[in-house]
Number of protein chains: 2
Amino acid sequence: MSANSRLTIAAHVLTWMSMDQQGGRVATSDRIAESVQTNPVVIRRCLGELRAAGLVEARRGAGAGWRLTREPADVTLLDVYRAVEDGPLFAMHATPPNLGCPVGSGIRPALDGVYAGVEANLQKQLRATTIADLLDDINGRKMG
Amino acid sequence: MSANSRLTIAAHVLTWMSMDQQGGRVATSDRIAESVQTNPVVIRRCLGELRAAGLVEARRGAGAGWRLTREPADVTLLDVYRAVEDGPLFAMHATPPNLGCPVGSGIRPALDGVYAGVEANLQKQLRATTIADLLDDINGRKMG
DNA sequence: CCTTGTCGTAACCGATTTGGTTACAGTCGC
DNA sequence: GCGACTGTAACCAAATCGGTTACGACAAGG
């Protein structure tokens, strides 16, 4: 489906920050990029979207870095999804169908209902998992 | 999200064929393209995928065209989705994360669980709507 | 005040996907 | 054999994605 990895990267970043903040150090895009194994600019772009959504904040100047603005248990995957994804899951026709045809004029409202239900359900599911849950999952997996 | 319109187009095509077959005529890519308002080749590509999934069949030669192989009430949107979409909804990292980091090694299994649940739920929802339902929706909307 | 480390962006790149288009060979009923 | 339609290959412009380089903005610490 040509899906992107934005949600995955953003979740990775926030989870990493949650784990790191316990050590008291400052999270920089360079250190995060080490864990994600990508370019620091990619991380900064991601963090920029998360900041626009109010999930993180940045301190500039020397000794700068990033900080979570909420408790990991208060950040759901839906928050992250909304911060980094925009469009709908399924697109309608690229160019409008023939509205003179019953199917052409009726298929879009009909699918609208289905698609809306799908998206509502997706949001409900993403809301059920928090960054703290991911952290717990990782720690639990490490132990057992 | 850069979503594509494949599911929409395929649903449009099948719904159009369901409505058309009541008239007894043969469905051709040209006539379908009129309703979708796109190039007939786009329709043939779509129908080719639907044929590979066993949802339609083609007759070649003179007076050729396409036919549904199942009753519209027996074709769910999940069948259509599977016929025209391939990859997962959410992708993992484009390049693997640092497995030496606890988060890098644990985030993928953790997200795997979430993503699997999301996809299972998506399938459940798509299975709940059939081409016949779309047709009914369109006819009902036309009336009321 | 000036060095230093980091943020914040712009600009560009190659690869891939998407919808669209042209062209043409294959097929078969009439 | 004619004609109509399928089935594909080939190509295109636009958009997206992840990645990369480059550089200005900024502020803390010496």
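Every chain is numbered from 1 and lettered A, B, ... according to where its sequence line falls, protein lines coming before strand lines.
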Subject >> Sequence neighbours excluded, every pair satisfying ring pair (Phe, Tyr, Trp, His ring centres under 6.0 Å) that has a member inside residues 28-52 of chain B >> reply: none
Identify all side-chain donor-acceptor contacts of residues 62-75 of chain B below 3.5 Å with residues at least two apart in sequence or on another chain.
{"from": "B/Arg67", "atom 1": "NH2", "to": "B/Glu57", "atom 2": "OE2", "distance (Å)": "2.2"}
{"from": "B/Thr69", "atom 1": "OG1", "to": "B/Gly54", "atom 2": "O", "distance (Å)": "2.7"}
{"from": "B/Thr69", "atom 1": "OG1", "to": "B/Leu55", "atom 2": "O", "distance (Å)": "3.1"}
{"from": "B/Arg70", "atom 1": "NH1", "to": "B/Asp74", "atom 2": "O", "distance (Å)": "3.1"}
{"from": "B/Arg70", "atom 1": "NH1", "to": "B/Asp79", "atom 2": "OD2", "distance (Å)": "3.4"}

Original post:
Once you round it to whole Å, what is the distance between P of D/dG7 and CG of B/Leu47?
Top reply: 8 Å
Subject >> Whole angstrom value for the distance that separates P of C/dC7 from CH2 of A/Trp66 >> reply: 7 Å
Subject >> Stretch residues 29-42 of chain B: residues that reach within less than 4.0 Å of DNA chain D through a heavy atom >> reply: B/Ser29, B/Val41
Original post:
With respect to the phosphate group of D/dG19, does any side-chain polar atom (N or O) of B/Thr95 fall under 4.0 Å of OP1 or OP2?
Top reply: yes
Original post:
Does A/Ser5 make a side-chain N or O approach to OP1 or OP2 of D/dG18 shorter than 4.0 Å?
Top reply: yes
Original post:
Which residue pairs pass the ring pair (Phe, Tyr, Trp, His ring centres under 6.0 Å) test with at least one member in residues 91-137 of chain B, sequence neighbours excluded?
Top reply: A/His12-B/His93, B/Phe90-B/Tyr115
Original post:
Which of residues 53-65 of chain B have a heavy atom under 4.0 Å from DNA chain C?
Top reply: B/Arg60, B/Gly61, B/Ala62
Subject >> Which nucleotide in C/dT6, C/dG20, D/dC5 has an atom nearest any side-chain atom of A/Ala94 >> reply: C/dG20
**OP:** Check whether the side chain of A/Arg45 and the base of D/dG19 form a donor-acceptor pair under 3.5 Å.
**Re:** yes
Original post:
B/Arg44 has an atom CZ; how far is it from atom C1' of C/dT27, in whole Å?
Top reply: 13 Å
Original post:
B/Glu49 has an atom CD; how far is it from atom P of D/dT8, in whole Å?
Top reply: 12 Å
Sequence neighbours left out, cut at 3.5 Å: what donor-acceptor pairs do the side chains of residues 37-48 of chain A make with other protein atoms?
{"from": "A/Asn39", "atom 1": "OD1", "to": "A/Val41", "atom 2": "N", "distance (Å)": "2.9"}
{"from": "A/Arg44", "atom 1": "NE", "to": "A/Ser29", "atom 2": "OG", "distance (Å)": "3.3"}

Original post:
Is any side-chain nitrogen or oxygen of B/Arg51 closer than 4.0 Å to OP1 or OP2 of D/dT8?
Top reply: yes
